[in-house]
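Each remark here refers to the structure printed beneath this line.
A, B, ... follow the sequence lines: proteins, then strands. Residue 1 opens every chain. In what follows, every heavy atom counts, from backbone to side chain, and hydrogens, waters and symmetry copies are set aside.
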Amino acid sequence: MATSTPPRHLFADMHDRVIAANQALIADGVLPKGIDLSRVLIEPPRDPSHGDMATNAAMVLAKDAGKKPREIADALAGKLRGDALVETVDVAGPGFINLTLKPEAWLEATRAAIVAGKDYGRSAVGKAAKVNVEYVSANPTGPMHVGHCRGAVFGDALASLLAFAGFEVCREYYINDAGAQIEALTQSGWLRYREALGENIGAIPEGLYPGDYVKQVGEELKVDYGADLLKKPESEWKPIVRERAINIMMADIRNDLWSLGVVPDMFFSEASLTEDGDKVAETIDVLRKQGKVYEGRLPPPKGAPVDDYEDREQTLFRSTDFGDDVDRPLKKSDGSYTYFASDIAYHKSKIDRGFLSMIDVWGADHGGYVKRMQAAVKAISGGKADLDVKIIQLVKLLRDGQPVKMSKRAGEFVTLREVVEEVGSDAVRFMMLYRKNDAVLDFDLARVKEQSRDNPVFYVQYGHARGHSIFRMAGEAFPKLPEEPADRLALLAKAPLARLTDAGELSLMRKIAAFPRVVEAAALSHEPHRIAFYLYELAAEFHAQWTKGKDLPHLRFIIQNDEELSVARLALVQSAVTVFAAGLKLLGVGAPEEMR
RNA sequence: GCGCCGGUAGCUCAGCUGGAUAGAGCACCAGACUUCGAAUCUGGGGGUCAGGGGUUCGAAUCCCUUCCGGCGCGCCA
């Protein structure tokens with residue numbers, strides 16, 4: 001998508017100014033030439049009485065400069081006092097430089113939000129670097145359950161966030177359509193086919209998939225082939241049954257993903273790695289030529305004893321050279337590749353496609369796999385590519401605080417579809433993102449349907465809806481206000497924001513100005529939950545300001561006899577609505593104009 | 001036994017990659033509806049950041065160690 005470079009935001013702007021001030025000090029000889037300024041940060045202080053922004057410059061530079069922090073701080077404060085955006089500069093504590101900005105700075109940041117609209121917060125920090133986000137990657141052996149969907153939503157939101165921050169993103173779904181579990185699915189489908197033809201198949205044997213959802217495979221095969229497959233040898237019917245089974249399962253999975261608003265850019269088939277030439281063998285070859293693959297023996301695994309352990313010479317990847325604990329096998333005893341071997345070839349494919357930055361979203365049970373995969377990525381890319389693995393902790397499904405029983409063995413598990421149908425995609429997505437990815441998540445089916453502050457989904461959406469409610473009211477109070485959103489925006493973009501002087505209004509403006517900074521930080525740290533928490537805080541401030549008008553009527557957003565002031569306040573509301581909409585969009589959650 | 005991830009208010013969790021007096025929601029207590037939708041808001045009590053050591057101007061955050069919980073530990077993916 002061709003968008004012009006977004007304007008830099010207030011925090012980035014002030015950071016530039018602080019760096020410039022430091023460079024001026026270098027020119028003056030106060031700081032030594034070549035001093036490292038990379039640790040100089042600017043951030044909002046926790047305590048608002050310390051001003052609008054603070055920099056740690058004096059403290060982080062003191063050692064290298066051989067001067068006391070206060071001495072540097074005083075010199076830096078002198079430079080910053082002349083800045084056009086700065087009202088006051090104070091040196092405090094161990095050497096913090098606290099800046100209070102002129103009100104115009106916040107007014108213009110608010111105006112910027114209105115003008116930028118849905119692009120407010122968009123950033124160029126990604127520098128159009130290609131990033132690959134791989135998520136879900138569930139076996140296509142059955143319907144998705146709630147555990148899968150946290151990873152799906154996380155990966156999808158992270159991808160949106162990265163795209164918004166200026167990265168070029170590919171959302172990728174890795175289909176594990178090779179290996180023993182697919183074999184089991186194929187056998188299950190075969191049984192269901194025979195069942196569809198009238199045969200009594202009895203109970204589904206241990207190790208196969210007993211779920212009713214496999215019956216569709218048999219039914220479709222019966223329609224297309226009648227009883228013909230029964231006459232064919234296994235080598236002929238098996239590929240047919242397998243392909244049909246995978247197609248049916250994947251169609252199901254796609255539907256489930258779409259119902260959640262998750263739409264991958266591409267599906268990558270594991271089986272394709274060995275269908276059209278053997279990519280896995282090629283990858284192993286490349287590594288072998290580099291001396292990173294060898295034939296050798298491994299000590300027996302520690303911990304849980306392996307019954308059929310057999311000491312043998314095997315093909316090993318030298319992952320210990322890259323920080324792993326032991327070298328890892330690439331082939332099973334039957335000569336077929338391990339999952340790890342395929343996965344190396346898969347990641348090589350990503351690198352070959354130009355992705356030097358990769359993010360994998362995995363379930364908690366794959367945590368032990370991270371090191372070896374990162375080792376492999378380092379090896380095949382010659383250290384040029386980077387893999388970040390986000391481990392998604394499990395979801396505890398509750399109803400009114402009581403755990404919902406799930407028994408996978410009996411084939412009874414709560415499917416993704418059931419949950420989405422019960423509480424809606426918005427609630428599922430927001431709650432999945434309202435927690436850090438590596439923390440266990442309690443998902444209460446009753447809670448997320450509540451219309452109260454307890455329910456963050458509702459609380460944030462209501463913030464957006466309430467903004468629109470105010471516009472509707474304003475239209476009644478001031479019939480001359482334009483009804484068309486575009487005309488309204490044009491008017492509000494020119495609003496006399498200088499009339500906003502209440503502490504709550506100014507605080508709201510600061511919050512709105514902080515959004516682009518939150519977007520950048522969330523994107524760079526691969527933490528979409530920060531957006532969700534930010535929106536919750538914005539909603540809290542917005543609702544608070546609204547309610548203030550109850551006790552103090554002169555603070556209401558709409559003042560009947562002062563249209564100019566009302567327009568200024570409506571502009572503030574507009575900026576908040578803009579951020580609600582932009583933030584919710586990043587999370588893939590709807591922004592309704594009313595909650596009825 | 002080893003590795004990874006966690007341990008922050010009674011409960012559920014944030015804490016902006018090392019900043020100033022550790023924050024929010026729930027719960028508890030006390031308040032605010034002839035309202036721009038009270039589906040909301042205001043105030044209050046509540047902490048040995050699991051314990052101990054270290055690094056430095058400064059640690060919930062980084063390092064070491066102990067304890068507790070979860071996950072994983074060739075031929076499952």
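The nucleotide whose nearest atom lies closest to any side-chain atom of V60(A) is, among G19(B), A77(B), C13(B), G19(B). Closest approach to the N56(A) side chain among A14(B), G74(B), G19(B) is made by G19(B) (side chain taken as heavy atoms from C-beta onward). Candidate nucleotides A14(B), G19(B), C41(B) were compared by shortest atom distance to the side chain of H543(A), and C41(B) ranks first. Considering only side-chain atoms of E43(A), the nucleotide from G19(B), C71(B), A20(B) that sits closest is G19(B). Comparing C75(B), A20(B), G19(B) against the side chain of S333(A) picks out C75(B) as the nearest. When distances are taken from the side chain of H529(A) to each of U40(B), U17(B), G15(B), the shortest belongs to G15(B). Of the candidates A32(B), C76(B), C13(B), C76(B) carries the atom nearest the A180(A) side chain, counting heavy atoms from C-beta on. Residue R46(A) places its side chain closer to A20(B) than to any other of U17(B), A20(B), G74(B). Distances were taken from every side-chain heavy atom of N176(A) (C-beta onward) to each of A77(B), G74(B), G72(B); the shortest belongs to A77(B). Minimum atom distance to the side chain of D442(A) is reached by C13(B), of the listed C13(B), G19(B), C75(B).
Between the P atoms of G19(B) and U34(B), the separation comes to 47 Å (whole Å). Going from the P atom of G18(B) to that of G45(B) covers 32 Å, rounded to whole Å. A22(B) sits 15 Å from C16(B) when the P atoms are compared, rounded to a whole Å. Nucleotides U17(B) and A60(B), compared at atom P, are 16 Å apart to the nearest Å. Spacing between A50(B) and C13(B) at atom P, rounded to whole Å, works out to 15 Å. G43(B) and G7(B): their P atoms are spaced 29 Å apart (whole Å). Here the separation of G25(B) from A14(B), taken at their C1' atoms, is 10 Å to the nearest Å. C75(B) and G69(B) have their C1' atoms separated by 31 Å, with the value rounded to a whole Å.
C2(B) is paired with G72(B) under the Watson-Crick or G-U wobble criterion, all donor-acceptor distances under 3.5 Å. A24(B): Watson-Crick or G-U partner is U12(B), with both key distances under 3.5 Å. With a cut-off of 3.5 Å on both Watson-Crick or G-U wobble distances, the partner of C33(B) is given as none. Both distances falling under 3.5 Å, in either a Watson-Crick or a G-U wobble arrangement, occur for no nucleotide opposite U17(B). The partner of C67(B) is G7(B), judged by Watson-Crick or G-U wobble contacts that both fall below 3.5 Å.
Phosphate contact (OP1/OP2 of C16(B), side-chain N/O of R530(A), threshold under 4.0 Å): absent. For G3(B), the OP1/OP2 oxygens have no side-chain nitrogen or oxygen of H366(A) closer than 4.0 Å. Dashed line: the shortest gap from a side-chain N or O of K332(A) to OP1 or OP2 of A77(B) is under 4.0 Å. Distances shorter than 4.0 Å separate none of the side-chain N or O atoms of K371(A) from OP1 or OP2 on C73(B).
Atom CE in M373(A) sits roughly 15 Å away from atom P in A77(B) (whole-Å rounding). Taking atom OH of Y459(A) as the reference point, atom P of A24(B) lies 12 Å away to the nearest angstrom. Here the P atom of nucleotide C16(B) and the OH atom of Y536(A) are 20 Å apart, to the nearest Å. Atom CG of N437(A) and atom C1' of G6(B) are 12 Å apart (whole Å). We find that OH of Y369(A) is positioned 13 Å from C1' of G72(B), with the value rounded to whole Å. In this structure, the CD1 atom of I344(A) is 15 Å from the P atom of A77(B), given to the nearest Å. Distance, F443(A) CZ to U12(B) C1': 15 Å, rounded to whole Å. Atom CZ in R372(A) sits roughly 13 Å away from atom P in G72(B) (whole-Å rounding).
Environment of NZ in K449(A): crowded, with over 12 heavy atoms of neighbouring residues, nucleotides or ligands closer than 6.0 Å.
Ring centers of Y534(A) and F515(A): under 6.0 Å apart, within the cut-off. Ring to ring, W362(A) and Y369(A) are close: their centroids are under 6.0 angstrom apart. Taking the six-membered ring wherever Trp is involved, the centroid distance between the rings of Y346(A) and F268(A) falls below 6.0 Å.
P69(A) comes within contact range of no nucleotide atom at all, as no heavy-atom separation falls under 4.0 Å. Using a 4.0 Å heavy-atom distance criterion, A522(A) is classed as making no nucleic acid contact. Nucleic acid contact class of Q314(A) (heavy atoms, under 4.0 Å, all strands): base.
For the pair D551(A) and R312(A), nearest-nucleotide mapping onto RNA chain B gives the more 5' position to D551(A). Heavy-atom nearest nucleotides on RNA chain B were determined for S49(A) and for S336(A), and the one closer to the 5' end corresponds to S49(A).
In plain terms, the two heavy atoms of L316(A) and L330(A) that are nearest each other are C-CD1, 4.4 Å.
Using a distance-only test at 3.5 Å, with no hydrogens or angles considered, no donor-acceptor pair links the side chain of E594(A) to the main chain of S469(A).
Between R569(A) atom CZ and I559(A) atom CD1 the span is 5.0 Å, to the nearest 0.5 Å.
Taking the O4'-C1'-N9-C4 or O4'-C1'-N1-C2 dihedral as appropriate, U17(B) has a value within 90° of 0 and is therefore syn.
One donor-acceptor pair, N or O on each side, does fall under 3.5 Å between the base of A20(B) and the side chain of N98(A).
When side chains are defined from C-beta on, E43(A) counts as touching R517(A), because their heavy atoms get closer than 4.5 Å.
The only option from D52(A), D90(A), T88(A) that meets the side chain to side chain donor-acceptor pair (under 3.5 Å) definition with T100(A) turns out to be T88(A).
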